[in-house]
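For reference, the structure is listed below as structure tokens.
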Amino acid sequence: MQADALKDLLEELKDFDLCLYTGHLFNEIPQDMLNYLKYINVGCLFRT
């Protein structure tokens with residue numbers, strides 16, 4: 001459900017330079033989502 005909502009949001013914002021920050025691995029991001037993104041940051045967030 002969350003992935004579907006994100007796809008809808010990406011479609012609505014397709015004219016913007018979009019960035020996605022996610023804890024998932026790159027190969028877990030569907031290609032149809034990647035097509036909308038200019039930047040992507042994947043993997044664990046480390047806080048110091």
Side-chain angles (χ1 to χ4, degrees):
M1 176 155 48
Q2 187 176 13
D4 292 333
L6 179 57
K7 287 179 188 178
D8 292 341
L9 180 61
L10 291 171
E11 175 63 30
E12 289 295 318
L13 299 173
K14 64 184 172 190
D15 295 327
F16 291 84
D17 291 340
L18 300 173
C19 179
L20 176 67
Y21 285 77
T22 179
H24 291 280
L25 299 175
F26 185 79
N27 63 354
E28 296 176 313
I29 310 301
Q31 184 61 48
D32 59 337
M33 282 189 190
L34 293 173
N35 293 337
Y36 290 102
L37 302 174
K38 183 160 187 155
Y39 310 99
I40 187 166
N41 188 347
V42 296
C44 296
L45 173 65
F46 295 100
R47 295 186 179 154
T48 58

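Counting begins at 1 with the first residue of the sequence. All values below were derived from every heavy atom in this structure, side-chain atoms included, with hydrogens, water molecules and symmetry-related copies excluded.
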Checklist line | Shared hydrophobic cluster for F16 and L37 (ILVMFWY, side-chain gaps under 4.5 Å) | finding: yes
Notebook entry, point to check: Measuring from K7:NZ to D32:CG, what's the distance to the nearest 0.5 Å?
Noted result: 4.0 Å
Check: Hydrophobic cluster mates of L25, side-chain heavy atoms under 4.5 angstrom, ILVMFWY only, any path?
Finding: none
Checklist line | Straight-line distance of L9 CG to L18 CG, nearest 0.5 Å | finding: 7.5 Å
Margin query: Suppose we screen for salt bridge (Lys or Arg N to Asp or Glu O under 4.0 Å). Which residues come up paired with E28, at least two apart in sequence or across chains?
Written below: none
Notebook entry, point to check: With Q31, which residues qualify under side chain to side chain contact (heavy atoms under 4.5 Å, CB included), at least two apart?
Noted result: L34, N35
Checklist line | Counterpart residues, side chain to side chain contact (heavy atoms under 4.5 Å, CB included), relative to K38 (two or more places apart) | finding: D17
Note to self: According to side chain to side chain contact (heavy atoms under 4.5 Å, CB included), who are the partners of E12, at least two apart in sequence or on a separate chain?
What the structure shows: none
Next item on the list: Kindly write out the residues that satisfy side chain to side chain contact (heavy atoms under 4.5 Å, CB included) with Y21, not counting sequence neighbours, or none if the list is empty.
Entry: C19, N41
Check: Does the side chain of L10 come within less than 4.5 Å of L20's, by heavy atoms?
Finding: no
Checklist line | Atom pair CG (L13) and CG (D8), whose distance is rounded to the nearest 0.5 Å | finding: 11.0 Å
